[in-house]
Each structure stands twice: as C-alpha cells, then as structure tokens.
2 protein chains.
Amino acid sequence: MTRRTPRPRERGIPEATVARLPVYLRALQALDDQGTPTVSSEDLASIAGVNSAKLRKDLSHLGSYGTRGVGYDVEYLIYQISRELGLTQDWSVAIIGIGNLGRALANYGGFGSRGFRIAALLDADSSIVGDKVAGLSVRHIDALEDVVEGEDVSIGVIATPAAAAQSVCDRLIGCGVTSVLNFAPVVLNVPPSVDVRKVDLSIELQILPSTNNESPTGTAGRSGSGSPGA
Amino acid sequence: MTRRTPRPRERGIPEATVARLPVYLRALQALDDQGTPTVSSEDLASIAGVNSAKLRKDLSHLGSYGTRGVGYDVEYLIYQISRELGLTQDWSVAIIGIGNLGRALANYGGFGSRGFRIAALLDADSSIVGDKVAGLSVRHIDALEDVVEGEDVSIGVIATPAAAAQSVCDRLIGCGVTSVLNFAPVVLNVPPSVDVRKVDLSIELQILPSTNNESPTGTAGRSGSGSPGA
DNA sequence: CCCACTTTGTGCCCGCTTTCACAAGAGCGT
DNA sequence: ACGCTCTTGTGAAAGCGGGCACAAAGTGGG
Ligand SMILES: NC(=O)c1ccc[n+]([C@@H]2O[C@H](COP(=O)([O-])OP(=O)(O)OC[C@H]3O[C@@H](n4cnc5c(N)ncnc54)[C@H](O)[C@@H]3O)[C@@H](O)[C@H]2O)c1
Ligand SMILES: NC(=O)c1ccc[n+]([C@@H]2O[C@H](COP(=O)([O-])OP(=O)(O)OC[C@H]3O[C@@H](n4cnc5c(N)ncnc54)[C@H](O)[C@@H]3O)[C@@H](O)[C@H]2O)c1
C-alpha cells in the first residue's frame with residue numbers, strides 16, 4: 001500500500017502481464033457462465049494454466065480488486081480486465097486477403113463476441129470481389145483507403161500471400177491503422193508507432209518437434225501452453 | 001523441504017533461440033534461392049528483423065559455423081538449423097476438426113514444403129466424413145487410433161471447438177502423439193512429456209489495441225506468437 | 001610478412017519475469 | 001473479543017534474455 005490514487009500515472013502494465021489478461025478473461029467468463037460468484041487465485045490460476053503467484057501479481061497491476069480470505073469477484077474482475085484491455089469499446093477490423101485463411105477468420109464467430117467487429121473484407125482477385133463471405137461482401141483492395149476511413153477501421157488483419165504483405169501493410173498504415181495482425185510469413189517493416197503482431201503457423205509447427213525431440217527420455221517438458229509473446 | 005528441483009534442465013538451446021531459428025531458416029532459404037553463397041550476421045539479422053548480436057548468439061548455440069571476416073555459409077547454415085529443429089526427417093501431421101480453420105490449414109501448401117506431411121484429416125461430423133479436402137478424404141474421429149498408428153502420426157493439430165479439445169488431446173496422447181498444436185481456446189492439460197503449443201487468434205487481437213494505447217516509448221512493433229511466449 | 005579491414009563469438013551488465021515465502025487482511029465460529 | 005483458517009498482495013531473490021562492446025580470427029592488398 002503505497003499508492004493512494006486508484007489510477008496513477010501508471011507507465012503501463014508489463015507486456016507479459018497484458019499478454020495473459022485475455023487468458024484470465026476467458027477463464028473468468030467461463031466461471032461467470034456457470035454462475036460462480038467468486039474465485040480464488042489458486043483456482044483461477046489452475047484454469048488459466050499459470051502459477052497462482054504470477055496470477056496475483058498480474059492482477060495486482062490492475063489494482064487491489066481481490067478480497068483476502070475470499071478471492072476475486074468474478075464479474076467485477078471481468079469488467080476490470082476488459083477495461084484494461086480496451087474491450088469496453090468496439091474495434092473495427094478489416095481482413096485483407098480472402099483466401100483459405102481469410103475466409104476461416106471471417107467465418108469465425110469468436111471475434112464479434114469479444115468486441116471486435118469485422119467491418120470489411122478486401123481482396124485483389126476480381127473473381128472473389130463481390131462474393132459474400134460471412135454476410136459481408138468482399139470489396140476490392142483498391143477501396144482500402146475508403147473502407148478504412150468509412151468504417152473507422154483501427155485493426156488490419158493481413159492474410160495475403162507473403163509477397164503482398166508489406167505493401168498492404170504500408171497502405172494500412174498510410175491511412176491511419178495503428179495495429180496489424182500479420183499471418184504472412186514475412187517480417188513487416190513498420191514505424192515504431194505501429195504495433196504488429198505476427199502469427200506464423202509454420203513456425204509453430206517447426207518448433208514443436210525440436211522442443212520435444214531433443215532428449216531421449218522424459219525431459220522436463222511444458223505442460224501449460226507457451227505463447228512467449230515476444 | 002523448500003527446495004524442489006534445482007533445475008536439472010541443461011544441455012539444451014534456450015527456448016527463445018529455438019523460437020527464432022525458423023525465422024532465420026526462412027531468411028536463409030530466400031537467400032539460397034537467389035543464389036547468395038554467404039551472408040553476414042548483420043545482413044541476415046536485418047532480414048530476420050532481429051539484432052545482429054542476438055543472431056550471432058543464437059547461432060553460437062548450434063556451434064561455430066561462421067567464418068570471421070566472411071560470414072556464414074548459407075547452405076551449411078540451412079542444414080545445421082534444419083538438423084537442430086529436426087526438420088531433416090519428415091513428420092506426419094493429423095488435423096482434427098475440419099471446419100473453417102481445419103480446412104484452411106489442410107489447404108495451405110506451406111507445410112508440406114517444410115517437411116511436414118499432412119497424413120490425415122479427422123472430424124466427428126458424419127456429413128463431413130468422406131469429403132475430399134486438399135486431396136485427402138476426411139475420416140471419422142473414431143478411427144483416430146488406427147490412423148495415428150497406420151500413418152505414424154507424431155503431431156496432432158487440434159482445430160475442433162473448445163469443448164472437444166481436451167478429449168481429443170487425451171486420445172492423441174493415448175496413442176503416442178507427443179506434440180500437439182492447439183487452436184482451440186482452452187488450456188490443455190497434458191503430462192510433462194507432451195509438448196503443447198497454443199495459437200490463440202482471439203488473444204492476439206485482444207492484446208493488440210492495449211499494447212498500442214500506451215505510451216509512445218519503446219513500443220517497437222514486432223513479436224513472435226505467441227507467444228510468448230507465448 | 002605486415003597491415004588495414006571485416007566479421008564472428010562472447011564476456012558482462014542491465015532490466016524484465018517468474019517464483020518463493022510471508023505478513024497483513026478478511027470472514028467465521030465460539 | 002479471540003483465535004483459526006483462508007487468501008491476497010508484495011518484498012526479495014533467482015533466472016532469463018537482450019544488447020553493447022571488444023578481443024580474436026580470418027581476408028586481402030601491397
Ligand atoms: N492457410 C493457412 O493455414 C496458412 C497457414 C500459415 C500461413 N498462412 C499464410 O497466410 C497467408 C494466406 O494464406 P491462404 O492459405 O489464405 O492463401 P490464399 O492464396 O488462399 O489466399 C490469399 C488471398 O490473398 C489475395 N491477395 C493476393 N494479393 C493481394 C493483395 N495485394 N491485396 C489483397 N489481397 C491479395 C488473393 O487473391 C487470395 O485470395 C499466406 O501468406 C500464407 O503463407 C496460411
Ligand atoms: N476459424 C477461425 O478463424 C478461428 C479463430 C480462432 C480460434 N478458432 C478456434 O479453432 C477451432 C475451430 O474453429 P472453426 O472455425 O474451424 O470451427 P468449426 O465449427 O468451423 O469447425 C469445428 C469442426 O470440428 C468438428 N468437431 C467437433 N467435435 C469434434 C470432435 N470431438 N472430434 C473431431 N472433430 C470434431 C466439427 O464437426 C467441425 O467440423 C475452435 O476451437 C475455434 O475457437 C478458430
């Protein structure tokens with residue numbers, strides 16, 4: 001107890017913590033759905049697959065929202081984490097490249113339910129433009145600037161072939177998008193003000209055998225899931 | 001009784017390094033394709049989007065394969081990294097859950113070219129079973145054990161709904177699969193001998209806005225999956 | 001043979017994370 | 001009020017990982 005202000009000039013919550021908040025959030029929502037009113041750090045940590053001390057330290061960055069001897073109020077914690085993650089407002093997302101992966105993403109219902117609205121689908125292939133995917137009409141990539149402005153898009157999802165990714169990214173940034181989720185297997189070059197996250201499925205596969213193959217007999221493997229995030 | 005395992009783990013390449021090796025590998029293959037015989041750590045680091053000192057340190061874990069004053073031999077380095085990652089042999093992969101995501105994965109050509117052979121597609125929905133996807137016939141989940149044994153599957157990719165993921169995972173482990181790539185938004189419970197990696201697209205999205213909202217300092221974009229590592 | 005130049009491999013330091021361990025707080029039964 | 005039990009919040013320590021900076025090693029020209 002050294003702080004008195006509920007929301008001090010916090011320089012920011014550690015990145016590692018932020019990366020785990022969504023995991024806690026999902027666990028909490030599951031608990032909420034089944035009517036659990038409160039949960040201890042031990043139980044929540046177990047569901048989320050992390051150490052309970054880590055969970056408590058993570059949550060302590062948000063403030064003291066727990067009650068000693070009792071635990072955390074599930075609904076209240078959901079609200080606090082959502083607020084911290086900026087999920088209390090909706091974000092508009094544009095998906096660029098409506099191929100195998102782009103379609104899967106567009107058809108996935110799990111985004112909308114979390115405050116992410118898929119606002120537009122864009123592709124360069126004129127034989128795809130105009131198709132209806134997940135209730136949206138695919139628009140031509142030339143309209144990118146118009147779409148971003150018109151739909152107030154702040155997140156771009158790149159699912160184009162690798163060769164097109166950088167130029168698409170540049171155009172997104174050019175019209176004000178500050179967050180990019182990239183599925184193409186290339187390193188995108190962006191100014192520091194833009195946040196890029198990369199999801200590379202091939203790399204995940206390549207890491208898999210090596211981590212496990214290394215030692216002949218029972219090594220200390222990893223039980224939880226690893227998303228180093230960085 | 002306070003001290004448990006003093007960390008028996010030794011003899012391995014740092015996990016953070018392993019996670020970057022595939023990135024270097026891809027950069028090297030691009031160089032090889034265009035006929036470049038050698039490359040300096042500076043240049044390779046630039047392509048891979050990392051610090052050159054970090055790259056050198058990463059490579060030093062594999063051995064001293066560089067030549068001072070010259071750089072690294074591209075082909076030789078490709079071989080060494082591939083060997084370290086266990087990519088010199090082929091791995092059989094089974095995809096379970098042939099929905100939006102499972103289909104995208106099955107249709108993706110980038111896996112086969114890297115030593116991963118998609119050996120089987122499995123689903124519980126009998127209206128899907130028998131369909132041809134990416135040249136493979138979808139088989140019923142009941143045949144999982146037979147398929148794993150018959151095709152010598154060592155990597156399972158779970159693309160089922162969250163509710164089915166744990167049971168599918170248990171069955172995979174039960175018939176000898178030691179590596180699992182999980183796309184379902186749940187934390188899988190597995191014995192330490194099994195390596196699970198999670199790719200959670202929703203989480204990536206949720207992290208995106210918050211990381212960028214913060215202060216302008218040090219928010220250089222760039223990240224692995226989650227990864228953070230994870 | 002020597003010197004100037006290039007590039008690797010690594011010692012060292014620093015900051016971020018994780019984990020432990022425990023005091024302080026909160027509820028409950030008596 | 002008191003003591004017991006449960007659980008949080010957090011110092012402190014340990015462990016990684018990143019990056020600077022430099023000596024060592026290799027190349028090429030004269
Ligand atoms: N499908 C997967 O499971 C998978 C796995 C790992 C990585 N990836 C990566 O994701 C990306 C997409 O994969 P995919 O399987 O969907 O490929 P895909 O070829 O099926 O789809 C790519 C789409 O992008 C469109 N496109 C091409 N250039 C464009 C441009 N300049 N602007 C807008 N759209 C453009 C194409 O018309 C096509 O519809 C690729 O970079 C791939 O390497 C995919
Ligand atoms: N599609 C995406 O972009 C996306 C994004 C993030 C996360 N995910 C996650 O990936 C998973 C799959 O997503 P999807 O969009 O492909 O869902 P989907 O509903 O389209 O496909 C799921 C498939 O799994 C099959 N299935 C169900 N139970 C099964 C069982 N016990 N054994 C074998 N197969 C079974 C279903 O028949 C269906 O074909 C989900 O967990 C989802 O949350 C998907």
Side-chain angles (χ1 to χ4, degrees), chain A residues 1-3 6 11-21 24 37-46 48-74 76-77 80 220 222-224 226-230, chain B residues 1-10 12-21 23-24 37-46 48-74 76-77 80 211 217-220 222-224 226-230:
Chain A
M1 261 296 279
T2 52
R3 308 230 165 76
R11 224 46 203 147
I13 293 176
E15 202 172 333
T17 294
V18 171
R20 283 185 294 266
L21 290 180
Y24 305 154
T38 63
V39 65
S40 70
S41 64
E42 202 71 49
D43 291 348
L44 184 54
S46 164
V50 302
N51 179 302
S52 70
K54 176 152 57 177
L55 182 135
R56 287 199 297 279
K57 184 152 287 189
D58 281 344
L59 294 185
S60 75
H61 287 294
L62 307 184
S64 284
Y65 299 135
T67 305
R68 296 174 189 228
V70 177
Y72 299 87
D73 182 278
V74 172
Y76 189 53
L77 201 49
Q80 289 298 341
R222 0 191 31 64
S223 52
S227 209
Chain B
M1 285 307 164
T2 51
R3 207 163 283 253
R4 312 230 74 188
T5 43
R7 181 57 70 142
R9 162 178 170 145
E10 185 50 54
I13 294 177
E15 201 172 333
T17 293
V18 172
R20 283 187 293 268
L21 291 181
V23 180
Y24 304 153
T38 63
V39 65
S40 71
S41 64
E42 201 71 49
D43 291 348
L44 183 54
S46 165
V50 301
N51 179 298
S52 69
K54 177 153 54 177
L55 182 135
R56 287 198 297 278
K57 188 163 288 185
D58 282 343
L59 295 184
S60 75
H61 288 295
L62 307 184
S64 284
Y65 298 135
T67 306
R68 300 177 187 225
V70 176
Y72 298 88
D73 182 279
V74 172
Y76 188 53
L77 200 49
Q80 288 298 341
T211 51
T217 35
T219 327
R222 204 154 277 134
S223 62
S227 86

Visitor: Restricting to non-hydrogen atoms, name the atom on L44(B) and the atom on V39(B) that form the minimum distance, rounded to 0.1 Å.
Guide: N-CG2, 3.8 Å

Visitor: Rounded to the nearest Å, what distance is computed from the CG atom of residue D58(A) to the P atom of nucleotide dT18(C)?
Guide: 7 Å

Visitor: Find the distance R20(A):CZ to dT17(C):P and express it as a whole number of Å.
Guide: 8 Å

Visitor: So, under a plain 3.5 Å distance rule, would you say the side chain of R68(A) forms a donor-acceptor pair with the base of dT7(D)?
Guide: no

Visitor: Where each residue is assigned the nucleotide of DNA chain D containing its nearest heavy atom, which of R56(B) and S64(A) is assigned the position nearer the 5′ end?
Guide: S64(A)

Visitor: So what does A16(A) hit on the nucleic acid, given a heavy-atom distance under 4.0 Å: a base, only sugar-phosphate, or nothing?
Guide: sugar-phosphate

Visitor: Counting side-chain heavy atoms from CB outward, which of dC22(D), dT27(D), dT18(C) is closest to K54(A)?
Guide: dT18(C)

Visitor: Expressed as a whole number of angstroms, how long is the span from L59(A):CG to dG9(D):P?
Guide: 8 Å

Visitor: Whole angstroms only, please: what is the NE2-P distance between H61(B) and dC16(D)?
Guide: 12 Å

Visitor: Would one find a side-chain N or O of T67(A) under 4.0 angstrom from OP1 or OP2 of dA26(C)?
Guide: no

Visitor: Please round to the nearest 0.5 Å and tell me the distance separating atom CG of L59(B) and atom CD1 of I13(B).
Guide: 10.0 Å

Visitor: Is the distance from OP1 or OP2 of dT7(C) to the nearest side-chain N or O of S41(B) less than 4.0 Å?
Guide: no

Visitor: Please name the residue in the list Y76(B), Y72(B), Y24(B) that meets the ring-ring contact (aromatic ring centres under 6.0 Å, His included) test with Y65(B).
Guide: Y76(B)

Visitor: Taking the side chain as C-beta and beyond, is there a heavy-atom pair between L62(B) and L21(B) under 4.5 Å?
Guide: yes

Visitor: To the nearest angstrom, how far is D43(B) atom CG from dT8(C) atom C1'?
Guide: 14 Å

Visitor: Is there a donor on the side chain of K57(A) or the base of dT19(C) sitting less than 3.5 Å from an acceptor on the other?
Guide: yes

Visitor: Could you please name the option among dT8(D), dT10(C), dG27(C) that lies closest to any side-chain atom of V70(A)?
Guide: dG27(C)

Visitor: Quickly work out the Y72(B) OH to dG26(D) P distance and round it to whole Å.
Guide: 13 Å

Visitor: Between S52(B) and A45(B), what is the shortest heavy-atom contact and its length?
Guide: CA-CB, 3.5 Å

Visitor: Quick one: Y65(B) OH to dT8(C) C1', roughly how many Å, whole number?
Guide: 15 Å

Visitor: Rounded to whole angstroms, how far apart are CG on N51(B) and P on dT10(C)?
Guide: 17 Å

